[in-house]
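Following: one structure in structure tokens, then a few remarks.
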Amino acid sequence: MKQVAANMAGTVINVLVQVGDEISAGQDVVVLESMKMEVPVQAEVAGKVVEVKANIGDFVNEGDILVSVE
Amino acid sequence: MSKHLEETLREKIAQVEKGGDAKYHEKLKEQNKLFVRDRLKLLFDGEFTVEDGLFANVMAGDLPADGVVTAIGKVHGQTVCVMANDSTVKAGSWGSRTVEKIIRIQETAEKMRVPLIYLVDSAGARITDQLEMFPGRRGAGRIFYNEVKLSGKIPQICILFGPSAAGGAYIPAFCDIVIMVDKNASMYLGSPRMAEMVIGEKVSLEELGGARMHCTVSGCGDVLAANEEEAIQSARAYISFFPPNYTVEPPVAEAKPPVETAKEISAIVPENQNAAFNMHDLITALVDEGSFYEIKKLFAQELITGLARLNGKPVGIIANQPRVKGGVLFVDSADKAARFITLCDAFQIPLLFLADVPGFMIGTAVERAGIIRHGAKMISAMAEATVPKISVIVRKAYGAGLYAMASAAFEPDACLALPGAQIAVMGPEAAVNAVYSNKIQAIEDPQERQSFIMEKRKEYQEDIDLYLLASNLIVDAIIPPSDLRQELINRYDVYKGKRQTFSDRKHPVYPV
């Protein structure tokens, strides 16, 4: 299982995937807001989404797990 | 002279040129590695012309050329000096003649004022020979001393094919660029075995000092190549941007328009200040087709650094990448920028800053990592650069991010802006919160509060209106996006004759 982690500290403003979705490497899965910017977070690997931990409005730190992919 | 003598000599030459024992050549194949002399054939335009020290340590019998080839040849018609480890000879380790040969080719490159390329694949010092090769005046330390002395004088390029261990790891560290072959190249001070014995850490070589790690995390590697051929081609492409030494202007190539499929600049840059876009699209739309050579592509990706051509002429690009981490500057991105600016400035390559930056990152993590001194390092490198430098405010430049991207106060030859650009201490949302925080809190009715905020943001927008900034001579020109490429070409032509001494002194006290 591979995990997609936040690449910087910020607030989750959009979750673009659901459990069961097939995603490709490089696809945006979550959008954070940080430093007043929209910061898309991409999956590094392709796979099936097995867990979505991020909820809109959550504050996340760099390195926090947002989505798990199998 | 009898024919016999010549025949004997030719046999001996052929023997040395074969390198180490056949079993080590087999090992090269297993590792997807090329023999040192085959690497040199790929690197040079043709066969190389001059080689010294072929018979180094020949009396030892089993140490052909003492494990290093030092040669002179041509790359794109330009004379270059090369030292290349031979890993079939005692794993490319260094004995006293190995070190002497490396020092001599450095001295040759210095006298001839031509680039020096290090093809590194070495297990490090031969401990049995340490007295002769390690501590003395012409011991290995001299190699690093020379590298430091040559830095900025002639281009120094490193391709790392295999290990570069312990002290040897400083050969790449002092070069202008380090190209690493994925899976095979590594750099480390202490091996995984040493790490386990001395500090109890269990780690693989790849994790500890592998090519990918260095190109993505540590920043010690600049280019990650899939194989040796790609690494050598990459070095050739890199050299094509550089003059033989700092006194000469960089070579000009045939001018090409941008790639036909490039998007219109106005379609690339969103009006919404907060939305992400891919800065690579803008670079593609500006530069000659296929000319962009990215440096540290995988490291601190919120900032893009690379060489390219505008109308055939080399330019060094420093661009914020809003697609990654909002284009915010971090410790690593500031470090990456400082190094790249210094590289271009040393070899007369003009600089282009493409600014779209919300500022430097804030918060505990970056403060503890010393973002202020790393930011200072970037700003001082940028300030000190005396090559033609142009700053383009693509969409926004806030706070110290504005300064770091070569804004007006840092004497760029021009500070240009695209229409829609915003320049300010901070963006409207943050500014209104900062200035009116107490007032906003005091308004109880949510609707009233919102309309107050919106009104203040509008006022703020008017204060930082681009035409107001142009009217106050803060930006030198506002450029229609579709004219930007031509504008840059025209300006670099004009600024070509620029000669400037930044400051009369020995050297600055560097922030880092």
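- Around atom CG of A:L16, more than 12 heavy atoms belonging to other residues, nucleotides or ligands sit under 6.0 Å away.
- Between chain B and the options A:G10, A:P40, A:S34, heavy-atom pairs under 4.5 Å are most frequent for A:P40.
- Using a 4.5 Å cut-off between heavy atoms, A:N61 makes no contact with chain B at all.
- Proximity to chain A (any heavy atom under 4.5 Å) is restricted, for B:F360, to the backbone atoms N, CA, C and O.
- With a threshold of 4.5 angstrom between heavy atoms, B:N433 approaches chain A through side-chain atoms but not through N, CA, C or O.
- More than 12 heavy atoms of other shown residues, nucleotides or ligands fall within 6.0 angstrom of atom NZ in B:K456.
- Enclosure of atom CD in B:E459 by more than 12 non-hydrogen atoms of other residues, nucleotides or ligands within 6.0 angstrom is indicated.
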Is there a side chain to side chain contact (heavy atoms under 4.5 Å, CB included) between A:K36 and B:K396? Walk through the geometry before answering.
CA-CA 12 Å; A:K36 303 287 170 195; B:K396 66 176 165 302; over 6 Å; no

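- With a 6.0 Å radius and a threshold of 12 heavy atoms from other residues, nucleotides or ligands, B:F452 has its CZ atom above the threshold.
- When heavy atoms are compared at a cutoff of 4.5 Å, A:E62 approaches chain B solely by way of its side chain, counted from C-beta outward.
- Of the two parts of B:F330, only the side chain, counted from C-beta on, holds a non-hydrogen atom closer than 4.5 Å to a non-hydrogen atom of chain A.
- Surrounding CD1 of B:I362 are at most 12 heavy atoms belonging to other residues, nucleotides or ligands under 6.0 Å away.
- Neither the backbone nor the side chain of B:M426 comes within less than 4.5 Å of any heavy atom in chain A.
- More than 12 heavy atoms of other residues, nucleotides or ligands shown are found within 6.0 angstrom of CD on B:E462.
- Ranked by non-hydrogen atom pairs under 4.5 Å with chain A, the options B:E302, B:K325, B:Q273 are led by B:K325.
- Counted within 6.0 Å of CZ on B:R457, heavy atoms from surrounding residues, nucleotides or ligands total more than 12; the atom is thus considered enclosed.
- The two residues A:M37 and B:P322 come nearest to each other via the heavy atoms CE-CB, 4.4 Å.
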